[in-house]
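Written below as structure tokens is the structure these notes are about.
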There are 2 protein chains.
Amino acid sequence: MKKKYIPILFFGVLLAVLAIVLQVFEYRYYIGSLDTDIYTTVVAAIFTILGIWIGINLLKKKAPQIEGTSKIDHSKIKELELNEREYEVLKLISEGMSNQEIADKLFLALPTIKTHTSNLFTKLNVRSRTQAIHKAKNLRLIL
Amino acid sequence: MKKKYIPILFFGVLLAVLAIVLQVFEYRYYIGSLDTDIYTTVVAAIFTILGIWIGINLLKKKAPQIEGTSKIDHSKIKELELNEREYEVLKLISEGMSNQEIADKLFLALPTIKTHTSNLFTKLNVRSRTQAIHKAKNLRLIL
DNA sequence: TGCATTTCCATACTTTAGTATGATGGAATT
DNA sequence: AATTCCATCATACTAAAGTATGGAAATGCA
């Protein structure tokens with residue numbers, strides 16, 4: 001919930017800072033310490049960089065959808081009623097991690113991971129982690 | 001070879017065009033037909049758009065490289081010295097089959113499959129079938 | 001606050017995976 | 001004929017994975 005507003009807030013602050021910078025430059029311009037060409041060049045450069053920055057950040061959210069996320073079927077995940085932990089464990093399993101390694105990484109106990117994997121297998125209707133990986137890839141739950 | 005220089009040429013031309021546009025605006029400024037604030041705003045806007053455009057184009061070239069490559073690297077298989085049986089077992093493992101199921105499918109005894117998997121893991125330098133799957137996919141030994 | 005759900009953890013158990021070592025027989029090489 | 005490589009199978013063991021059940025803590029919502 002809170003994370004959703006961070007980019008908006010960030011861009012807002014960024015624009016405010018740039019407005020201030022702009023004001024300073026304008027002030028200097030009026031007192032004649034900078035000439036028009038330099039002023040124009042600086043403004044152009046700053047806003048080009050700003051533009052590149054905005055462009056990259058706009059695409060960074062869409063890029064994963066083109067590369068990897070386009071293959072992930074989030075509706076399937078909901079359809080199978082996989083909760084956060086189960087899906088997280090699924091991803092780590094697909095990366096070749098053992099239950100113990102997953103437990104260490106998530107700061108959880110081994111039995112907890114076993115519970116999650118067991119519930120995961122039930123929901124995926126499989127009986128082993130290798131089957132889970134295979135099915136998850138076919139259903140595009142993971143990439 | 002030729003494609004490599006298209007972006008450079010393109011950006012060169014683009015910058016040249018923008019330089020001309022800038023000159024026009026500067027000319028208009030000097031004859032007093034445009035106010036400084038408006039001039040600054042226009043320049044800022046144009047270069048912001050330019051920046052966004054550049055940013056988008058910079059990222060668009062990276063996306064397809066990650067996607068399109070889903071071929072098996074047979075040279076890697078030879079490089080790792082995987083023989084027929086080991087590679088066959090690897091494929092079946094990646095399809096989620098247990099050692100017993102693989103043994104049944106290939107009309108072999110369970111210990112035989114265990115030998116193959118064990119040798120396979122040694123050659124792949126992994127310690128479990130899930131790690132083998134993960135590594136094999138990364139090395140493009142399997143799809 | 002009370003209740004439901006989720007998440008976490010534990011115990012105990014069975015099954016499967018993985019390691020180590022050695023033996024057998026076939027096929028190709030030298 | 002001897003050697004090398006591969007594939008097969010066996011035994012015996014340790015380590016992980018997977019199942020079943022139940023309870024405790026945290027979370028979210030009415």
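Everything numeric here is computed off the predicted structure, so don't read it as measured data. Lettering of chains follows the sequences in order, A, B, ..., and the numbering in each one begins at 1.
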Q) Where the side chain of B:S128 is defined as all heavy atoms beyond and including C-beta, which of C:dG18, C:dT16, D:dA7 is the nearest nucleotide? A)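 The answer is C:dG18.
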Q | Residues from residues 99-124 of chain A lying under 4.0 Å of DNA chain C - heavy atoms | A |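 The stretch gives A:L108, A:A109, A:P111, A:T112, A:T115, A:H116 as the residues lying under 4.0 Å from the strand, ordered by number.
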Taking the side chain as every heavy atom from C-beta outward, state whether [X] and [Y] have any pair of such atoms under 4.5 Å apart.
{"X": "B:I77", "Y": "B:L139", "answer": "no"}
{"X": "A:K135", "Y": "A:N125", "answer": "yes"}
{"X": "B:T117", "Y": "B:L90", "answer": "no"}
{"X": "A:H74", "Y": "A:I72", "answer": "yes"}

Q. Roughly how far, to the nearest 0.5 Å, is the CD atom of B:E95 from the CD1 atom of A:I133?
A.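 A:I133 atom CD1 to B:E95 atom CD measures 13.0 Å (nearest 0.5 Å).
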Distance check needed: [N] [atom2] versus [X] [atom1], whole Å only.
{"X": "B:Q131", "N": "D:dA16", "atom1": "CD", "atom2": "C1'", "result": "13 Å"}
{"X": "A:M97", "N": "D:dA16", "atom1": "CE", "atom2": "C1'", "result": "15 Å"}
{"X": "B:L92", "N": "C:dA17", "atom1": "CG", "atom2": "C1'", "result": "16 Å"}

(Q) With side-chain contact (heavy atoms from CB on, under 4.5 Å) as the criterion, how do A:H134 and A:Q131 come out once you've worked through the C-alpha distance, each side chain's angles and the decisive distance to 0.1 Å? (A) CA-CA 5 Å; A:H134 190 238; A:Q131 281 181 16; 5.6 Å; no
Q: Mark up nucleotides 23-30 of chain D, 5' to 3', with B wherever a protein heavy atom is under 4.0 angstrom from a base atom, S wherever such an atom reaches only the sugar-phosphate, and - elsewhere.
A: --------
Q) What heavy-atom pair brings A:A132 and A:F121 nearest, and what distance separates the two atoms? A)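 What the structure gives for the nearest pair is CB-CE2, 3.7 Å.
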Q. How far apart are the closest heavy atoms of A:Y87 and A:L141, and which atoms are they?
A.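 So the minimum-distance heavy-atom pair works out to OH-O, 2.7 Å.
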Q) Run the salt bridge (charged side-chain N to carboxylate O under 4.0 Å, His left out) check on B:E86 and B:K123 step by step: do they pass? A) CA-CA 10 Å; B:E86 286 160 358; B:K123 290 178 180 178; 2.8 Å; yes
Is the shortest side-chain N/O distance from [X] to OP1 or OP2 of [N] below 4.0 Å?
{"X": "B:R127", "N": "C:dG18", "result": "no"}
{"X": "B:N83", "N": "D:dC5", "result": "no"}
{"X": "A:R129", "N": "D:dG18", "result": "yes"}

Q) Is A:K91 paired with A:E88 through a side-chain N to carboxylate O contact shorter than 4.0 Å? A)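 Not counted as a salt bridge, because no side-chain N and carboxylate O are separated by less than 4.0 Å.
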Atom pairs under 3.5 Å, N or O on each side, protein against nucleotides 24-30 of chain C: can you list them with distances?
none

(Q) Whether the A:R129 and A:N99 side chains hold a donor-acceptor pair (N or O, under 3.5 Å, no angle test) is what I'd like checked. (A)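 Yes.
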